[in-house]
Chemist: 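Take this structure first; my questions come after.
Chain letters run A, B, ... following the sequence lines, proteins first and then strands; every chain starts at 1.
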Amino acid sequence: MDNFDLSILKWYRQNKRNLPWRNTNNPYFIWLSEIILQQTRVDQGMDYYLKFINNFPTIQHLANADEQTILSNWQGLGYYSRARNLHATAKEITFNHNGNFPNKYEEILKLKGIGPYTAAAISSFSFNLVHPVVDGNVFRVLTRIFDIDTPIDTSEGIKLIYNIANKLIPTNEPGEYNQAIMEFGAIHCTPSQPNCNNCIFSNQCKAKINGTILHRPIKSKKTVVKKRYFHYLDISNKVDTILHKRTDEDIWKHLFEFPLIEKNQNDDLQLIKNQLEKKFNQQILSIPTAQKHVLSHQHIFTYFWQIKLNNSVLETLNETDSFIVVHKDEIIKYPLPRVITKYLENINKIDN
DNA sequence: AATCCGGGGCC
DNA sequence: GGCCCAGGATT
């Protein structure tokens, strides 16, 4: 493959999208955009990026914010460890690097939440260093052009693609080239319905020639999905309700939710109803129906039990419980997982 | 080296 | 229902 870099750079200059983080070399903005865009589509991350640079114009703003504020801004984006690592790295740079973003690949790679891809992206976009980005797009583009059938979710496949990527990247404008190959994968060499009929590589792409385009890249493993059953207790009187902060090493760490009873299996709902009525000494009017939430590695079946009290919600709590009493109108101020906000949206519809 | 981690969109 | 997404941390 001769002049791959020149071909794809030419294509990029004619076809690239105008994205806000492409109009800057500021490592703070580059870093922030890359963290938001990890495993996240541009369309989905755009509003979050604009919100973050508006609310946290500099890395010092981010460092000085409290974690809950950052998590609230991240609410709905998923992979909340990204937000916690974002905060940690902002503090690290602000207080241990005099506010200066590291400008060497190896130093950038040491920061929390930054792996090989993001370190290469920041290195090349901000500091013009020659490190190839290897993301989902690059895996797809290269396995197609060279018709590579080694599974990309193995160490052998990853090593192979990195070797090719290191040979292809030009020393001249590595950042622009990295943007170009990812953009080519994102909008032209797409997973389904790639635009092969109007492709600059149509005569050279090995997978196109061999008819294997839609079978590249190959992945060998299948994700195992765990089923979980969450019974949430929406305990409230006319003004207050109860929230609980997740602290264990599990999904949604440091996010708030209703008091939770997790079951290992799909238990008899009538039995749970009887237990709850006895515990709270209240009639439960309706048995909830399951809401299924499909995540990558978990299918979560949520049940929301509405327990209406006439007296104070405090009386349902033990002193040892780590719960907080929250005014109903202020629930939304706490960082919540989508499972909870979806439920709140639904009951508000009914109330209206 | 293998496993886990959210949520949304598309087909 | 399966796959993918501008991957990284943990075990």
Chemist: I'd like to know whether NZ of A:K227 has more than 12 heavy-atom contacts from other residues, nucleotides or ligands below 6.0 angstrom.
Modeler: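 No.
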Chemist: Give me the one residue out of A:Y303, A:F258, A:F304, A:F301 that meets ring pair (Phe, Tyr, Trp, His ring centres under 6.0 Å) with A:H231.
Modeler: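 Among the candidates, only A:Y303 passes.
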Chemist: Considering only heavy atoms from C-beta outward, does the side chain of A:K226 approach that of A:H299 to under 4.5 Å?
Modeler: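 Sidechains of A:H299 and A:K226: no contact.
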Chemist: Between A:R17 and A:L111, name the one whose nearest nucleotide on DNA chain C is closer to the 5' end.
Modeler: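 The residue mapped nearer the 5' terminus is A:R17.
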Chemist: Decide yes or no on side chain to side chain contact (heavy atoms under 4.5 Å, CB included) for A:R22 and A:K16, but give the supporting numbers first.
Modeler: CA-CA 10 Å; A:R22 284 185 178 158; A:K16 68 176 179 181; 4.0 Å; yes
Chemist: Find the distance A:Y79:OH to C:dC4:P and express it as a whole number of Å.
Modeler: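 Checked: the OH to P distance equals 14 Å.
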Chemist: Measuring only the C1' atom in each nucleotide, how far is B:dG8 from C:dA9? A whole number of Å is fine.
Modeler: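 Approximately 23 Å lies between the C1' atom of B:dG8 and that of C:dA9.
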Chemist: Classify A:S33 by what it touches in the nucleic acid, base, sugar-phosphate, or nothing, heavy-atom distance under 4.0 Å.
Modeler: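 Since no nucleic acid heavy atom lies under 4.0 Å of A:S33, the category is nothing.
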Chemist: Go nucleotide by nucleotide along DNA chain B from the 5' end; which of A:K253 and A:T154 gets its closest nucleotide reached first?
Modeler: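 Counting from the 5' end, the first nearest nucleotide belongs to A:T154.
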Chemist: Under 6.0 Å between ring centres: does that hold for A:F4 and A:F201?
Modeler: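 Yes, they do, as the ring centres are separated by less than 6.0 Å.
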Chemist: Within the structure shown, what part of the strands sits under 4.0 Å from A:Q298 by heavy-atom distance: base, sugar-phosphate, or nothing?
Modeler: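 Sugar-phosphate, backbone atoms only, no base.
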Chemist: If you look at every strand shown and take non-hydrogen atoms under 4.0 Å, does A:I36 touch a base, only sugar-phosphate, or nothing?
Modeler: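 If one applies the 4.0 Å heavy-atom cut-off, A:I36 turns out to touch nothing in the nucleic acid.
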Chemist: Base, sugar-phosphate or nothing for A:W74? Non-hydrogen atoms, less than 4.0 Å.
Modeler: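 No contact at all - A:W74 keeps every heavy atom at 4.0 Å or more from the nucleic acid.
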Chemist: Heavy atoms under 4.0 Å, any strand shown: does A:S155 hit a base, just sugar-phosphate, or nothing?
Modeler: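 Since only primed, P, OP1 and OP2 atoms lie under 4.0 Å of A:S155, the category is sugar-phosphate.
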Chemist: With a 6.0 Å cut-off on ring centres, are A:F52 and A:W74 close enough?
Modeler: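 Yes, they do, as the ring centres are separated by less than 6.0 Å.
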Chemist: Classify A:Q39 by what it touches in the nucleic acid, base, sugar-phosphate, or nothing, heavy-atom distance under 4.0 Å.
Modeler: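 Base contact - A:Q39 has a heavy atom under 4.0 Å of at least one base atom.
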Chemist: Should the heavy atoms of other residues, nucleotides or ligands under 6.0 Å from CD of A:Q14 be counted, would the total exceed 12?
Modeler: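 Yes - once you tally the heavy atoms of other residues, nucleotides and ligands closer than 6.0 Å, there are more than 12.
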Chemist: For residues A:F101 and A:F29, establish whether the separation of their ring centroids is below 6.0 Å.
Modeler: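 For A:F101 and A:F29, the ring centres are not under 6.0 Å apart.
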Chemist: Base, sugar-phosphate, or nothing: which does A:I300 touch, judged by heavy atoms less than 4.0 Å apart?
Modeler: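 Here A:I300 touches no strand at all.
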Chemist: Do other residues, nucleotides or ligands put more than 12 heavy atoms under 6.0 Å from the NZ atom of A:K333?
Modeler: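 Counting neighbours around NZ of A:K333, 12 or fewer heavy atoms of other residues, nucleotides or ligands fall under 6.0 Å, so no.
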Chemist: Quick one: A:H297 NE2 to C:dG8 P, roughly how many Å, whole number?
Modeler: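 About 15 Å, once rounded to whole Å.
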Chemist: Distance check needed: C:dA6 C1' versus A:M182 CE, whole Å only.
Modeler: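 To the nearest whole Å, that distance equals 5 Å.
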Chemist: Nearest whole angstrom, please: distance from the C1' of C:dA6 to the CZ of A:F125.
Modeler: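 About 8 Å, once rounded to whole Å.
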Chemist: Looking at DNA chain C, which of residues 41-49 of chain A put a heavy atom within less than 4.0 Å of it?
Modeler: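 Output list: A:R41, A:V42.
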Chemist: What integer distance in Å separates A:Q193:CD from C:dC4:C1'?
Modeler: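 Roughly 14 Å, once rounded to whole Å.
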Chemist: Is the A:Y49-A:W21 ring centre distance short of 6.0 angstrom?
Modeler: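 Under 6.0 Å, so yes.
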Chemist: Could you state the CD1-P distance from A:I158 to C:dG8, rounded to the nearest angstrom?
Modeler: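 One finds 11 Å between P of C:dG8 and CD1 of A:I158, rounded.
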Chemist: Below 4.0 Å from chain A heavy atoms, what is the first contacting nucleotide of DNA chain B and what is the last?
Modeler: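 Endpoints of the contacted stretch of DNA chain B: B:dA1 to B:dG8.
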